[in-house]
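The basis for the numbers below is simple: all heavy atoms, side chains too, and nothing from hydrogens, waters or symmetry mates. A, B, ... follow the sequence lines: proteins, then strands. Residue 1 opens every chain.
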Amino acid sequence: MMEKHFDPTGARTRWNREWDARGIFPPNDRSDREPFVIVLPPPNVTGVLHVGHILGDTVQDHLIRWKRMSGFNTLWIPGTDHAGIATQKVVEAALAREGKARADMTRDDFLTHAWKWKEHHHTRIVEQMKQLGCAFDWTREAFTLDEPRSRAVREVFVRLYEKGLIYRGDYIVNWCPSCQTAISDEEVQHEERDSKLWWIRYPSRDGDVVVATTRPETMLGDTAVAVSPEDAGKRHLVGKTVTLPIVGRQIPVVADAVVDREFGSGFVKVTPAHDPNDFGIAQRHDLPAMVVIDRAGKMTREAGADFAGLDRFEARRRVVERLEKEGVLVKVEPHRHAVGTHDRCGTVIEPLLSRQWFVRMQPLAEPAVRVVENDEITFYPPRWRNVYMSWMTNIRDWCVSRQLWWGHRIPVWYCDDCDHFTVAREDPAACGGCGGTKIRQDEDVLDTWFSSWLWTFSPMGWPDADAPDLKRYHPTSVLVTGSEIIFFWVARMIMASLEFMGEVPFRHVFLTGIVRDGIGRKMSKSLGNSPDPLDIIDQWGTDAFRFTLSMLSPPGKDVFFDEEKLEIGRNFTNKIWQASRLVLGAVEKESQPIFADGGGHDGGAFAAAWREAHGSTLSFAPDLSGEDRWILSALSRCALDTNRCFEEWRLNDGASRIYDFFWHDFCDWYLELAKVRLYGEGERRTVLAVLLHVLGESIKLMHPLMPYVTEEIWSALPMARGLLLENRYPRGDERAVDGEAEARMGLLRDVVTSVRNIRAAYRVAPSARVPVRVHAPEERAALVREAAEGILRLAGAASLEAGPAVSKEKGDAATPIGDIEVVVSLRDVVDIDAERARLEREQAKTEGDLAAVAAKLANQSFVAKAKPEVVEREREKRLRLETELARLRESIGLLRADG
RNA sequence: GGGCGAAUAGCUCAGCUGGUUAGAGCGUCUGCCUUACAAGCAGAAGGUCACAGGUUCGAAUCCUGUUUCGCCCACCA
């Protein structure tokens, strides 16, 4: 006998051990079944799992298990990301707590610490990932900074360099003064902020010029003033010079098309070293660039003795003061504009002229646009495709060098003796130009995404083109990730795979939503609103967690996650458990064998379904009741729907479908009806076999969502063979859908519901049995009589009479349903006034409905233009409503007659 | 400044290609510890589908516009 309650922790421990011991997650490399492959978006190795990861992992595990059970050779590769900046920062912070600063350490010492830190956190995060029940192939685990991935990164760098797609140059980059590294455009977060627009007069013999700026401190580095070439009123100044206040430098006025004559004063100060626009102007007009802000965000010596060493924001205040003092500050007005900040630390980005490595993206983007255009790669939900396209078609070069220590070091060596630099796969011993041995490797490392973008093939043995995994498992099937990294990662993976593999990295991109807290805020550490998934798992169980998330996550929509919602999953898990207890308890009590390995009974659709699902044969000839046929039909329907939902990436709908079937069809109706036979005296094997079959198939359907509880129950089912994961996912069968059985069940449900309704309306004690009579045409009355035992039990009826002769009289409560009428005799219990009120309410509603239908049918164009089946449906509806209405009037009349 | 998404019951959301009586979970109300389950069972109440037009025999669903909220992109300093 099963325990009274499911023990999620015990089951998790047990099945993790069991799955691991049996080694069932890695694919069969010799199989000729179609592969289904996913690479896990690698979490930050020094991070902790948050609820968002659980959602992504749940979706992927769901797909993997479903495909595996559907006959695919599945592979899911786990791994972690070295996450350059993020990791370096946490390691630095940890060292700081020990009183050590990175500045005082050698690179090697720092890296030793970083690796130690990585090892520690890696163990932890892997431990966490194992608690989710994910079917990862740990034998293929990868890390973006391990040896094989380093080889791939170097190969890629060298190839791109040789192709002219990587270059080094001096450009304005996004500089984070806090992290002291360049970052890519994608890492800049634009935030609207209230600021000011300062209007400053630059005096000139030819007439003063007034510029408007949001960054007065950069005026110290101005080397020109620009106007729009279309601005007739100002054109005469072009070629003249103006005096830079404070500094006193003479700077020229130039005309450039980027200047908008409508904005501000129509004059733009040009600071080539600190503004990307101005940098462009300077290039076009051959203007010098003067760096006045350094890498720490402090003013340089170039900024002048009065400002050198000041923080840039302090310098802003001082500069404004000076301008005011000099009488050149014309006005200050409030101005709201977007400020670039570093997405990792929130520091305001300083555009800075600096020498960096860049990847030329345009040539890589073109094929990547094509494969999406021709649907070799599809996006779910499809709207993300446009987001991808618009980014790809306006793509800009990618700054890949980072001034960090933690990461893939740039494989470039500079020579002390000549200008040549050596770009090499293996560390060179000498300069490739002059042969000199005084060479130094570039100090910088590569952007983390420079290793992540190889993630579909770098874990499969690339650059060895003959690596068996590459041949077998690439391209992968689907990428499951969040929409926030479409540019960072998805787009770049597509480009990298096309460039280096000559094929797409994956066929489909499935984008999950962002998990938010109960009031819509993004989960974040600083807000403290992200619960620890492991706490949730301990408290609620993995299955409950996974099921709840699945159910609440329409594809690509943000999820408002609230711990209370876990009740959905927990309650459902319990429901499954309890239903299983009922079934297994009943099976244990049966003395005759239900099935056997060989021989046995062979005929009939159910016997065949049993054989196909369980590989054994029934040991008796099943004698199916109406409800048996109905639940088998509903099971098939559920399996069909579920598979269809999954095919269409609507995992949440699939989850709801199974939930509804199991809870409301199987538990609420079938189990209750089954009790008639289970607790009766007759032959029980048919109902037991049906119970076992439907339960078994149901938990197969649920397995991808709730691996532990289903595996646990499966192991207790007498007909189970092997692990649940090794069994075939129910596909459903159109031919198994039994319309007649479903109609019959509908009739039974209607009768039972009507009686319950009346009982509740009159507060009939639950223990009281009431006589039930059903007025119906003989054909249908026969069906009702056939289902008598079930109706008696479910409706709490004392007796059941059905036929065309059934009549009602005063003291009866009656409810019409189409052409039948359910009559419950309550003798003195019925309150005449209450019953009349009840009937009149019903009457009003029915009259309303009828009027609507009648109006529709009276409309000539409706009858002429609507599809015939729709018109027919309306006619049937009218007939039904008319019948019901007549019965209601009859009942009301009866109450009046002698009341 | 562009683009996208959302707006349906008190709350959180379903409602796929327009067509039965707009559904579920939670919450509320009523009655039940009925030999699987009170993490449960039965019943009930609750919606002018954001607003305004339009297309159509028919609109929560399609189109246009408006409002509110959210997100993404963007070199008007």
Side-chain angles (χ1 to χ4, degrees), chain A residues 2 4-5 172 190 197 211-215 218 226 258-265 267-271 275-280 335 337-338 351 381 383-384 386-387 390-391 394 483-484 486-487 514 516 518 520 544 551-552 554 556-560 562 564-565 567-568 570-586 644-645 648 650 652-653 656 659-660 664 667-668 671-672 675 679 752-753 756-761 763-767 793-794 796 845-846 848-849 852-853 856 859-867 869-871 873-874 876-877 880-881:
Chain A
M2 292 165 75
K4 175 134 187 174
H5 288 286
I172 293 271
H190 293 275
L197 195 59
V211 301
T213 182
T214 52
R215 301 202 54 200
T218 63
V258 298
V259 181
D260 176 356
R261 50 191 286 194
E262 303 299 322
F263 186 86
S265 63
F267 286 105
V268 178
K269 56 189 277 309
V270 180
T271 319
D275 184 283
N277 254 329
D278 295 3
F279 181 75
H335 183 64
H337 68 133
R383 63 193 159 88
W384 293 111
N386 301 332
V387 174
S390 68
W391 188 73
N394 297 302
S483 53
E484 71 272 16
I486 290 180
F487 308 143
I514 297 167
R516 298 173 179 281
M551 187 104 159
L552 291 178
K557 273 201 185 169
D558 291 357
V559 191
F560 289 68
D562 199 322
E564 280 175 29
K565 290 180 175 168
E567 288 184 8
I568 301 171
R570 183 200 55 184
N571 294 356
F572 188 45
T573 308
N574 180 58
K575 194 71 179 174
I576 300 166
W577 188 256
Q578 298 303 338
S580 305
R581 285 210 317 141
L582 171 67
V583 173
L584 286 170
R644 198 171 44 110
C645 288
E648 294 169 1
R650 294 182 294 124
N652 60 322
D653 288 343
S656 307
Y659 178 94
D660 283 340
H664 297 124
C667 293
D668 289 352
L671 285 186
E672 294 306 322
K675 286 176 182 172
Y679 302 150
V752 168
T753 304
R756 284 174 172 173
N757 205 312
I758 289 167
R759 295 179 63 114
R763 308 277 153 89
V764 176
S767 53
R793 182 182 177 88
L794 269 53
K845 189 172 179 303
T846 309
D849 292 345
V853 176
K856 236 182 202 184
N859 181 341
Q860 283 309 307
S861 32
F862 170 73
V863 179
K865 293 185 182 174
K867 279 178 279 185
E869 60 267 32
V870 173
V871 177
R873 230 180 1 238
E874 292 298 318
E876 280 166 15
K877 187 172 156 192
R880 199 194 74 221
L881 290 170

Handout entry: Spacing of L552(A) atom CG relative to C26(B) atom P, expressed in whole Å
Key = 12 Å

Problem - Among A42(B), G25(B), A36(B), the one nearest I568(A) by side-chain distance - result: G25(B)

Problem - Atom-to-atom span, OH of Y659(A) to P of A24(B) - whole angstrom - result: 11 Å

Fill in the blank from the handout: Checking A24(B), A39(B), A77(B) against the side chain of N571(A) (C-beta onward), the nearest is A39(B)

Practice task
Would you indicate whether the side-chain heavy atoms of T218(A) and K269(A) approach each other to under 4.5 Å?
Solution key: yes

Handout entry: C1' atoms of A60(B) and A9(B), separation to the nearest Å
Key = 14 Å

Practice task
Please say whether more than 12 non-hydrogen atoms of neighbouring residues, nucleotides or ligands are located less than 6.0 Å from CD in E869(A).
Solution key: yes

Handout entry: Minimum-distance nucleotide (side-chain atoms of N757(A) versus G43(B), C4(B), C57(B))
Key = G43(B)

Practice task
Quick one: label R261(A) by what it contacts on the DNA or RNA (base, sugar-phosphate, nothing), any heavy atom closer than 4.0 Å.
Solution key: nothing

Completion exercise
N574(A) CG to C41(B) C1', in whole Å, measures 13 Å

Exercise for the section: Consider the side chain of R756(A), meaning its heavy atoms from C-beta on, and name the nucleotide among C73(B), C32(B), G43(B) that approaches it most closely. Expected result: G43(B)

Handout entry: Between C1' of C72(B) and CH2 of W384(A), the distance in whole Å
Key = 7 Å

Practice task
Select base, sugar-phosphate, or nothing to describe what V387(A) touches, counting heavy atoms under 4.0 Å on all strands.
Solution key: nothing

Problem - Interatomic distance where CD belongs to E874(A) and C1' belongs to G19(B) [whole Å] - result: 8 Å

Practice task
Specify whether F572(A) and Y659(A) have parallel, tilted or perpendicular ring planes, treating 30° as the upper limit for parallel and 60° as the lower limit for perpendicular.
Solution key: tilted

Fill in the blank from the handout: With the side chain defined as heavy atoms from C-beta on, R581(A) is closest, among U30(B), A77(B), A36(B), to A36(B)

Exercise for the section: Name the nucleic acid region contacted by Y679(A), choosing base, sugar-phosphate or nothing; use a 4.0 angstrom heavy-atom cut-off, strictly under. Expected result: sugar-phosphate

Exercise for the section: Can you tell me, in whole Å, how much space there is between the P of G53(B) and that of G47(B)? Expected result: 23 Å

Exercise for the section: Check every strand shown and say whether R383(A) touches a base, only sugar-phosphate, or nothing at a heavy-atom separation below 4.0 Å. Expected result: sugar-phosphate

Exercise for the section: Write down the distance separating the P atoms in U64(B) and U20(B), rounded off to the nearest Å. Expected result: 25 Å

Practice task
State, yes or no, whether a side-chain contact exists between V870(A) and F862(A) at a heavy-atom distance under 4.5 Å.
Solution key: yes

Exercise for the section: Quote, to the nearest angstrom, the C1' distance that separates G58(B) from G18(B). Expected result: 8 Å

Problem - Nearest-Å distance once atom P is located in both C75(B) and A7(B) - result: 31 Å

Handout entry: Length of the line joining K675(A):NZ and A42(B):P, which is rounded to integer Å
Key = 10 Å

Exercise for the section: For nucleotides U68(B) and U30(B), find the distance between their P atoms and express it as a whole number of Å. Expected result: 42 Å

Handout entry: Spacing of I758(A) atom CD1 relative to A44(B) atom P, expressed in whole Å
Key = 11 Å

Handout entry: Distance, P atom - from U48(B) to G65(B), rounded to whole angstrom
Key = 27 Å

Exercise for the section: May I ask you to say what E672(A) touches in the nucleic acid, namely base, sugar-phosphate or nothing, with a heavy-atom cut-off under 4.0 Å? Expected result: base

Fill in the blank from the handout: Against the side chain of V870(A), the closest entry in C32(B), G19(B), C37(B) is G19(B)

Exercise for the section: Both distances under 3.5 Å, Watson-Crick or G-U wobble: on that basis, could you give the dot-bracket string for RNA chain B, with [ ] for crossing pairs and | for other-strand partners? Expected result: (((((((..((((.....[...)))).(((((.......))))).....(((((..]....))))))))))))....

Problem - Separation of the P atoms in C16(B) and U8(B), to the nearest angstrom - result: 16 Å

Protein and nucleotides 13-18 of chain B: nitrogen or oxygen contacts under 3.5 angstrom:
| residue | atom | partner | partner atom | Å |
| --- | --- | --- | --- | --- |
| A14(B) | OP1 | K557(A) | NZ | 2.6 |

Problem - R793(A) vs L197(A), nearer the 5' end of RNA chain B by closest nucleotide - result: R793(A)

Practice task
Measure from NZ on K867(A) to C1' on C57(B) and round the result to the nearest Å.
Solution key: 13 Å

Handout entry: Candidates C57(B), U30(B), A36(B) - which lies nearest the side chain of S861(A)
Key = C57(B)

Exercise for the section: Flag the pair E672(A) and K675(A) as a salt bridge only when some basic side-chain nitrogen lies within less than 4.0 angstrom of an acidic carboxylate oxygen. Expected result: yes

Fill in the blank from the handout: Scanning both residues in full, the closest heavy-atom pair of V268(A) with V211(A) reads C-CG1, 4.2 Å

Exercise for the section: Measure from the side-chain heavy atoms of V268(A) and tell me the nearest of C76(B), A77(B), C57(B). Expected result: A77(B)

Practice task
With the side chain counted from C-beta on, respond yes when V270(A) and D275(A) share a heavy-atom pair under 4.5 Å apart, and no when they do not.
Solution key: no

Fill in the blank from the handout: Per atom distances to the C667(A) side chain, the nearest of A36(B), C37(B), A42(B) is A36(B)

